[in-house]
4 protein chains.
Amino acid sequence: MKKNKPKYRQIIDAAVIVIAENGYHQSQVSKIAKQAGVADGTIYLYFKNKEDILISLFENKMGHFVEMIEEKIAGKVRAAEKLLMMVETHFHILSQDKHLAIVTQLELRQSNIDLRQKINAILKGYLGLIDSILLEGKKTGEFASNLDVRLARQMIFGTMDETATTWVMNDQKYDLTALAPEVHRLLISGCKSQ
Amino acid sequence: MKKNKPKYRQIIDAAVIVIAENGYHQSQVSKIAKQAGVADGTIYLYFKNKEDILISLFENKMGHFVEMIEEKIAGKVRAAEKLLMMVETHFHILSQDKHLAIVTQLELRQSNIDLRQKINAILKGYLGLIDSILLEGKKTGEFASNLDVRLARQMIFGTMDETATTWVMNDQKYDLTALAPEVHRLLISGCKSQ
Amino acid sequence: MKKNKPKYRQIIDAAVIVIAENGYHQSQVSKIAKQAGVADGTIYLYFKNKEDILISLFENKMGHFVEMIEEKIAGKVRAAEKLLMMVETHFHILSQDKHLAIVTQLELRQSNIDLRQKINAILKGYLGLIDSILLEGKKTGEFASNLDVRLARQMIFGTMDETATTWVMNDQKYDLTALAPEVHRLLISGCKSQ
Amino acid sequence: MKKNKPKYRQIIDAAVIVIAENGYHQSQVSKIAKQAGVADGTIYLYFKNKEDILISLFENKMGHFVEMIEEKIAGKVRAAEKLLMMVETHFHILSQDKHLAIVTQLELRQSNIDLRQKINAILKGYLGLIDSILLEGKKTGEFASNLDVRLARQMIFGTMDETATTWVMNDQKYDLTALAPEVHRLLISGCKSQ
DNA sequence: CATGAATGAGCTTTCATTCAT
DNA sequence: GATGAATGAAAGCTCATTCAT
């Protein structure tokens, strides 16, 4: 399995740094290779093509998001609490990795539609996590029984995403994680049963 | 004033169609010129460069958004009603122009950071409109006096944007405008004063 | 005759200024037209094409060179004196018109071979003047009877030209005309009969 | 060192031929690449850009001029003899390479001011060689002690250059090298002490 | 005579990918 | 497995010239 060889990670980590520092369109394969300390051709021993680096990168990092969040919400009982942990963890991971935040919030969005479709497929896992919390909340009566799960999920994801992007575009100069409780409060109101 | 000459509009309209149909990176200047029925060189009599077409396009359309919404909310008294009109109008305009929806929700986001900064500057006008409604709602006591306007605005814009993008990525196959009331309800709950 | 109409001169004068200030390759027809205070299209009422402006310009100015020199040497008896007047006048005219010096010594040489052939044809008149002085000197015994007129002419013209070009490339910051006597002395030595 | 790799020379040699045969402005990079038997992109592995090909070409060839002349004059004692060797060698090298003569005497002069400045910097080496011969001649008393070295150098270079250019513009149809002794005689007269 | 909006051909350079070593 | 030299397709923009008014 290539994914476990050291050069695989080396190349992905190099890609995050190179893209964050140079921008998506200035991140040539040769630049990533140099940062990773391998030859250009070596990249193609681990990835089908350039797009495959980006997809793998996103898959890898998004998997980390889902894992971390699942771990954090495991002990929580109420859906509202789980949502709070999700927002907090989401913001926290981005706060921890300056480069990753730039790459996911800004640079990767410059990719073409094809790549974006694939990124969306990967995102499904994360969106499914939101859905499951919402469904659970509806089942326990914590959330309104007629809550539109798809719309609520779009609100939750759209709000976290917009908040994170604004923070990155403002050069990450304030504390993103500190915003989690208020963002959570805004989101939760619409979901609750009266 | 070049902006009032027929070829200016002709080129912008052509750009929307060409970009929606071919994607941002496959929209060569020559393709836009052909669609507009002018020579390649003519483009450069009306626009500084290719990027300028996109900026002008966005400025133009976003101006239309703001105008339409301002017109619609003019007669409304309550902030909540104004927000409903905004969501409805936002969704309605996108529903009316299949090509425009693709361009603003998907293609324009592939632009580089420079262009995105300019797009953001244009967006400021729209975000300001949201802010003014929120502030008014706080003043009249309709919204919580401690509502964080910036976060609330990010929720509102992020939710509308995410909802619209999901709709476009699903090939616009359901009725976006019909979602306005429920989206509005989700958004408004968090803003209201108890 | 178009050459006597005011706009003809206006355009030539504009060309000298524009080329001197912007360089040969940055002297678009539209720039010359603007400087001349006429519309782009008007240029083509007076000149066949862009090259024709340059040829006419050179013809015009070189004719002036020949006229001035012929006038100056008219009263001189000895060939050596005539050569001195030629060098002096050549350097003097260039010293008087900063723009013209840049155009003839630097910018016009960037033209393509076709144009250069035509410029050379015009130069023939000037070179013929040198030849006639040399032939006269040989006839009167002032110059060696076996002097190779073609080579001597190439020395004379080559030296004046190189001296003038070096002066222009040094930003015309010393007195070119003052060099005439010494240049003349260097040139004349090889021509004289023992 | 790229300059020693075979493709470096291959491309320079191709450039000389292509420029001589097609003219400066009709020498597209693709044409040079084809003549050199490499891909267009390969050019850019060896040269920064198109201009760099020309500068390198000139540097290369002019270095050859200086080397050859230095070699030839090494055994000569008198400055006058050295000058003769210089003129002869200068003419000889051009006579030997039809293409090179066209490129240096005609085509390279069409370059813009920037490139010409760089060419002039390279020429400095050659002009310095002339100066050193003149200074030596002054020191040994062979040349007049009050000889203006700069003007004499301009005469020498200007005359050789004009003679060579005239020869090229006459399709190299007479023997340039045969002119060296008479050119030398013309030049030397003005320098000698009485 | 004069205008100036419109035309459209033409070219340097980049960079993802390959493949001989 | 690893290398990195070589490939070659692809596109934005300029500007001399025209011609309807």
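All values reported here derive from a predicted model rather than from experimental measurement. Protein chains get the first letters and strands the later ones, always in sequence-line order, with residue 1 at the start of each.
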Base-contact (B) and sugar-phosphate-only (S) positions in nucleotides 12-19 of chain E, heavy-atom cut-off under 4.0 Å, - elsewhere: SBBSSBB-
query: Can you name the residues that form a ring-ring contact (aromatic ring centres under 6.0 Å, His included) with D:Tyr44, not counting sequence neighbours?
result: none
Pair B:Asn60-B:Arg9, side chain to side chain contact (heavy atoms under 4.5 Å, CB included): steps then yes or no: CA-CA 10 Å; B:Asn60 200 280; B:Arg9 285 212 71 78; 3.9 Å; yes
- prompt: Starting at CD of D:Gln10 and ending at P of F:dA5, how long is that distance when rounded to a whole Å?
  reply: 16 Å
Phosphate OP1/OP2 of E:dA6 contacted by B:Lys7 side-chain N/O (<4.0 Å): yes
- request: Whole angstrom is fine here: how far is it from CG in C:Leu45 over to P in E:dT3?
  value: 9 Å
- line: Listing for DNA chain E: consecutive Watson-Crick or G-U pair runs of at least 3, distance cutoff 3.5 Å, ranges ordered by first number, gives E:2-21 with F:2-21
task: Please report, rounded to the nearest Å, how far the P atom of F:dT3 is from the NZ atom of A:Lys34.
output: 14 Å
query: How long is the line joining CD1 of B:Ile43 and C1' of E:dA5, in whole Å?
result: 15 Å
query: To the nearest 0.5 Å, what is the distance between CG (D:Leu106) and CD (C:Gln117)?
result: 8.0 Å
- request: With sequence neighbours excluded, tell me which residues meet side chain to side chain donor-acceptor pair (under 3.5 Å) with D:Thr165.
  value: D:Gln105
task: Tell me, please, which residues at least two apart from B:Tyr8 pass ring-ring contact (aromatic ring centres under 6.0 Å, His included).
output: B:Phe47
- request: Would you indicate, yes or no, if E:dA5 has its OP1 or OP2 atom less than 4.0 angstrom from a side-chain nitrogen or oxygen of B:Lys5?
  value: no
- request: State whether B:Lys31 places a side-chain N or O below 4.0 Å from either non-bridging phosphate oxygen (OP1 or OP2) of F:dA11.
  value: no
message: Under the rule for side chain to side chain donor-acceptor pair (under 3.5 Å), what residues qualify as partners of A:Lys61, not counting sequence neighbours?
response: none
message: Measure CD1/B:Ile53 against C1'/F:dA11 and give the value in whole Å, please.
response: 13 Å
- prompt: Tell me: CD1 of A:Ile32 to C1' of F:dG4, nearest whole Å?
  reply: 17 Å
field: Inter- and intrachain pairs under salt bridge (charged side-chain N to carboxylate O under 4.0 Å, His left out), touching residues 44-58 of chain A, at least two apart
entry: A:Glu51-A:Lys118
field: Any D:Tyr46 side-chain nitrogen or oxygen under 4.0 Å from OP1 or OP2 of F:dA5
entry: no
Salt bridge (charged side-chain N to carboxylate O under 4.0 Å, His left out) contacts in which one or both residues fall within residues 102-117 of chain C, not counting sequence neighbours: C:Arg109-C:Asp161
query: By salt bridge (Lys or Arg N to Asp or Glu O under 4.0 Å), which residues pair with C:Glu21, not counting sequence neighbours?
result: none
